[in-house]
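The next block holds one structure in the form of structure tokens; read it before the comments.
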Amino acid sequence: MSPAVAEKAEQLTQDDANIEIVNADLWHYQPERQYDMVMLNNVIHYIDLEKREALFTELASWLEEGGIFSVVTPIAGSVDDPPFANVFNSFFSSFDNLYRLPTREELAEWGRQRD
């Protein structure tokens, strides 16, 4: 949760009447209505590995029929990726409050389960 990030998002979208910025604890927030789109922007690495699939399920339940669930995140590199991708993942793994990045396969699987 970051009030500063939410405030900046509010400033950047102040002319867009169809955008609502919510800065809340994902595990306790319950929207009053369903949305056309839910966007998760660069937070997966803060979510414990065992809770990620449950998070996708919860956020997908906030969507109207046909809604879009947008996930913006770096993904874990493989041995075939450029060295930067692997170093980036190592960076996240070196902190107590950060978890490894998701793989492309994990994101695809979680998305398929919500279809």
Side-chain angles (χ1 to χ4, degrees):
M1 296 186 310
S2 175
V5 171
E7 183 178 316
K8 183 65 173 179
E10 289 282 354
Q11 291 171 1
L12 293 172
T13 60
Q14 66 186 351
D15 295 330
D16 300 306
N18 64 336
I19 296 176
E20 178 181 358
I21 305 298
V22 177
N23 184 39
D25 184 328
L26 292 171
W27 304 111
H28 300 289
Y29 175 74
Q30 287 298 311
E32 295 177 10
R33 62 182 179 87
Q34 291 188 306
Y35 295 98
D36 296 329
M37 179 179 164
V38 172
M39 181 176 188
L40 189 64
N41 189 2
N42 286 317
V43 298
I44 291 181
H45 48 273
Y46 291 106
I47 307 300
D48 189 319
L49 300 174
E50 290 78 32
K51 295 182 177 180
R52 289 179 179 179
E53 189 171 350
L55 175 65
F56 270 54
T57 299
E58 177 63 24
L59 295 178
S61 76
W62 298 357
L63 291 169
E64 292 180 350
E65 184 70 30
I68 297 170
F69 181 25
S70 174
V71 179
V72 178
T73 185
I75 59 173
S78 71
V79 294
D80 297 326
D81 287 334
F84 176 77
N86 292 311
V87 170
F88 199 59
N89 196 44
S90 296
F91 169 79
F92 282 100
S93 300
S94 64
F95 290 89
D96 290 339
N97 67 333
L98 297 176
Y99 301 92
R100 73 163 175 79
L101 296 171
T103 65
R104 183 178 316 273
E105 293 77 20
E106 286 171 325
L107 292 170
E109 176 64 24
W110 298 334
R112 278 192 296 275
Q113 291 178 15
R114 305 311 147 239
D115 286 342

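When atom types are taken as modelled, the side chain of Arg52 and the backbone of Ile47 share a donor-acceptor pair closer than 3.5 angstrom. Although no hydrogens or angles enter the test, the distance criterion places no donor-acceptor pair under 3.5 Å between the side chain of Asp16 and the main chain of Asn18. A donor-acceptor pair is defined here as one N or O able to donate and one able to accept, closer than 3.5 Å; such a pair exists between the side chain of Asn23 and the backbone of Ser2.
In this structure, the separation between CG on Leu26 and NZ on Lys51 is 11.5 Å, given to the nearest 0.5 Å. Between Glu7 atom CD and Leu12 atom CG the span is 11.0 Å, to the nearest 0.5 Å. Rounding to the nearest 0.5 Å places CD1 of Ile44 at 11.0 Å from CG of Leu49.
Two different hydrophobic clusters hold Met37 and Leu107 under the rule that ILVMFWY side chains link at heavy-atom gaps under 4.5 Å. Note: the hydrophobic cluster containing Phe56 also contains Val43 (ILVMFWY, side chain heavy atoms under 4.5 Å, direct or indirect links). Met39 and Trp27 are members of different hydrophobic clusters when ILVMFWY side chains are connected at heavy-atom separations under 4.5 Å. Using a 4.5 Å cut-off between side-chain heavy atoms of Ile, Leu, Val, Met, Phe, Trp and Tyr, with links allowed through other members, Ile19 and Val22 fall into different hydrophobic clusters.
Glu53 has its side chain within reach of Trp110: a pair of non-hydrogen atoms, C-beta onward, lies under 4.5 Å apart. Side-chain contact between Glu20 and Glu10 is absent, with no heavy-atom pair separated by less than 4.5 Å. Annotation: side chain of Pro74 is in contact with side chain of Asn42 (closest heavy-atom distance under 4.5 Å).
With respect to the salt-bridge test (charged N to carboxylate O, under 4.0 angstrom), the residues Glu109 and Arg104 do not qualify.
Applying the ring-ring contact (aromatic ring centres under 6.0 Å, His included) test to Tyr46 and every residue at least two apart in sequence or in another chain returns nothing.
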Do any side-chain atoms of residues 58-73 form donor-acceptor pairs under 3.5 angstrom with protein atoms, and if so which ones, sequence neighbours left out?
residue : atom : partner : partner atom : Å
Glu58   : OE2  : Gln30   : NE2          : 3.1
Glu58   : OE2  : Trp62   : NE1          : 2.9
Ser61   : OG   : Glu58   : O            : 2.6
Trp62   : NE1  : Glu58   : O            : 3.4

